[in-house]
Amino acid sequence: MYFILASLLILLSVIEFIDKSTLYKRIALFIGAFAMVLFAGLRYQVGTDWDAYFLNYKLQQWDTEWGYKYLNLFFSKYLQAPFNLLLITINLVSLYLISKYIKNLSGSYIIALLIFYSDLFMYYNLSGMRQAIATSFTCFALIFAVKKQMKMFLFFIVVACLFHVTSVVFLAVYFLPRKSLSFKNLILISLSFVIVIFVFNNYIQAIDYLSKKSEFYIEIQENDDNLLFLFAIGLARRSVIIIVILLLYDKLKHIPNLLYYFNIYLIGFIIYASLYMVSPDFGVRFSSYYTIVDMILVGNIIYFIKSRPVKAFLFILFVCLSLYKVSVYAGEKTYEYDTILYQ
């Protein structure tokens, strides 16, 4: 099932590679996003966090941020709706915001959607639903950061925090430099981010709910025995975009806002590298608010680069990386796909 949906997105992206008309791109984006909504919304017992969210829907066993808490109560108590109606609603909101994000900031739509599908869609939309909503709102907020509309940017960050408090780390994006950074400045900014995250982690110990979540991710949650190997793979995979941009910068420097997106991605990369060995979940969750800009970088690289052979090579490279990531999730026991349609 994972590869069937991936194949659909790859087919749509190949056609987009040939036909760059705006009408086709919009239709293809709608088809791809809607297929992803159904894929996530109609699933049954899929994802690492399925049991936790399902039991909370039925019994309200654990407390959470206000946005998700009242959304959950509205569907479970007021509407008394099936759990999957909540899943469909969450994914409709999430994919709508991600689609707007792609349409506003990326030249190529479907390859950008494929990058999202192969990683953070799997990690959040099929499992960590609160952060799926939060990340979608931070992506939408970036549109206003690019336009330097601070009030709208701050509004959507606040909305994101109502679903997952960690999204507050995205506030700094508005103030990141929009030109090339010296190595010294990059290190200083990155260290500042890491320090802020550790201070944030210490501060939340005073709040019972957040303290328990922090303890779970750092001390209780079971980590893979091959943690160092997985860390190395994660670094290597996240390095590809950085290497491509550095090697081809002269061919890419005309891309609108390239350096701004690149700076955002670099910060996410360093947050991941700094926190993963402390807690894999912390490393991925905090960094993902920044590394999610990878879909915009890839979408613009594929769209704007002029050399057809280079364009084709990069297209194949990113498709292969996406298929690799899909295969990793598809091989996880908790991700064995099933749907309510077969129940």
Between Asp338 and Met1, is the side-chain contact (heavy atoms from CB on, under 4.5 Å) condition met? List the steps. CA-CA 9 Å; Asp338 197 2; Met1 291 298 295; over 6 Å; no
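- A donor-acceptor pair under 3.5 Å is absent between the side-chain atoms of Tyr57 and the main chain of Asn72, judged by distance alone.
- Under the 3.5 Å distance criterion, the side-chain polar atoms of Thr339 are matched with a main-chain donor or acceptor of Leu42.
- Both Leu105 and Tyr174 are part of a single hydrophobic cluster, where members link through side-chain heavy atoms under 4.5 Å apart.
- Using cut-offs of 30° and 60° on the angle between ring planes, the pair Phe39 and Tyr337 is parallel.
- Between the side chains of Asp281 and Tyr123, at least one donor N or O sits under 3.5 Å from an acceptor N or O.
- Checked against the 6.0 Å centroid criterion, the rings of Phe269 and Tyr290 do not qualify as a close aromatic pair.
- When atom types are taken as modelled, the side chain of Ser287 and the backbone of Val284 share a donor-acceptor pair closer than 3.5 angstrom.
- Looking only at distances, a side-chain donor or acceptor of Asn263 sits under 3.5 Å from a matching main-chain atom of Leu259.
- The two residues Ile157 and Ser167 make their nearest non-hydrogen contact at CG2-O, 4.1 Å.
- More than 12 heavy atoms of other shown residues, nucleotides or ligands fall within 6.0 angstrom of atom CZ in Arg178.
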Steps toward side-chain contact (heavy atoms from CB on, under 4.5 Å) verdict (Tyr260, Val173): CA-CA 9 Å; Tyr260 185 40; Val173 159; 3.3 Å; yes
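- Put simply, Phe315 and Phe304 are part of the same group of oily side chains (I, L, V, M, F, W, Y) that touch within less than 4.5 Å, one to the next.
- Taking every heavy atom of both residues into account, Leu113 and Ala33 meet most closely at CD2-N, 3.7 Å.
- Inspection of the Gln131 and Tyr68 side chains reveals no N or O donor paired with an N or O acceptor under 3.5 Å.
- A donor-acceptor contact shorter than 3.5 Å is absent between the side chain of Lys69 and the backbone of Thr64.
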Dump the intermediate steps for side-chain contact (heavy atoms from CB on, under 4.5 Å) on Leu79 and Phe74, then the final yes or no. CA-CA 6 Å; Leu79 294 183; Phe74 176 75; 3.5 Å; yes
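- Side-chain atoms of Thr166 do not come within 3.5 Å of backbone N or O of Phe286 as any donor-acceptor pair.
- Pairing each heavy atom of Ala40 with each of Phe121, the nearest pair is CB-CZ, 3.8 Å.
- A donor-acceptor contact closer than 3.5 angstrom links the side chains of Tyr53 and Arg130.
- Within the 6.0 Å centre-distance limit, the rings of Phe156 and Phe144 are counted as a close aromatic pair.
- For Ser127 (side chain) and Thr48 (main-chain N/O), a donor-acceptor pair under 3.5 Å exists by modelled atom type.
- Not one N or O on the side chain of Tyr265 forms a donor-acceptor pair closer than 3.5 Å with the backbone of Leu297.
- When atom types are taken as modelled, the side chain of Glu16 and the backbone of Ala28 share no donor-acceptor pair closer than 3.5 angstrom.
- No chain of hydrophobic side-chain contacts below 4.5 Å, direct or via other Ile, Leu, Val, Met, Phe, Trp or Tyr residues, connects Tyr78 to Tyr70.
- Between Lys147 and Asn104 the shortest heavy-atom distance is NZ-OD1, 4.3 Å.
- In this structure, Cys161 and Glu65 approach most closely via the heavy-atom pair O-CG, 3.8 Å.
- Cluster annotation: Trp66 and Leu71 are assigned to distinct hydrophobic clusters (Ile/Leu/Val/Met/Phe/Trp/Tyr, side-chain heavy-atom contacts under 4.5 Å, transitive).
- Between Tyr276 and Tyr272, the ring planes are tilted. Angles from 30° to 60° get that label.
- Taking the six-membered ring where the residue is Trp, Trp50 and Phe83 present perpendicular rings, their angle passing 60° and hence far from 30°.
- Counting heavy atoms of neighbouring residues, nucleotides and ligands inside a 6.0 Å radius, atom NZ of Lys311 exceeds 12 of them.
- Side chain of Lys25 to backbone of Gly107: a donor-acceptor contact under 3.5 angstrom is found.
- Across Phe3 and Ala330, no two heavy atoms sit closer than the pair CE1-CB, 4.3 Å.
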If you apply the rule side-chain contact (heavy atoms from CB on, under 4.5 Å), what do you find for Cys139 with Ile98, and how did you get there? CA-CA 7 Å; Cys139 285; Ile98 292 294; 3.9 Å; yes
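- One hydrophobic cluster, built from ILVMFWY side chains closer than 4.5 Å, holds both Leu85 and Met129.
- Geometrically, Arg237 does not engage Tyr324 in a cation-pi contact defined by less than 6.0 Å to the ring centre and at most 45° from the axis.
- Every pair passing side-chain hydrogen bond (donor to acceptor under 3.5 Å, both in side chains) that includes a residue from residues 80-100 is listed here, sequence neighbours excluded: Asn91-Asn125, Ser94-Asn125, Ser94-Ser136.
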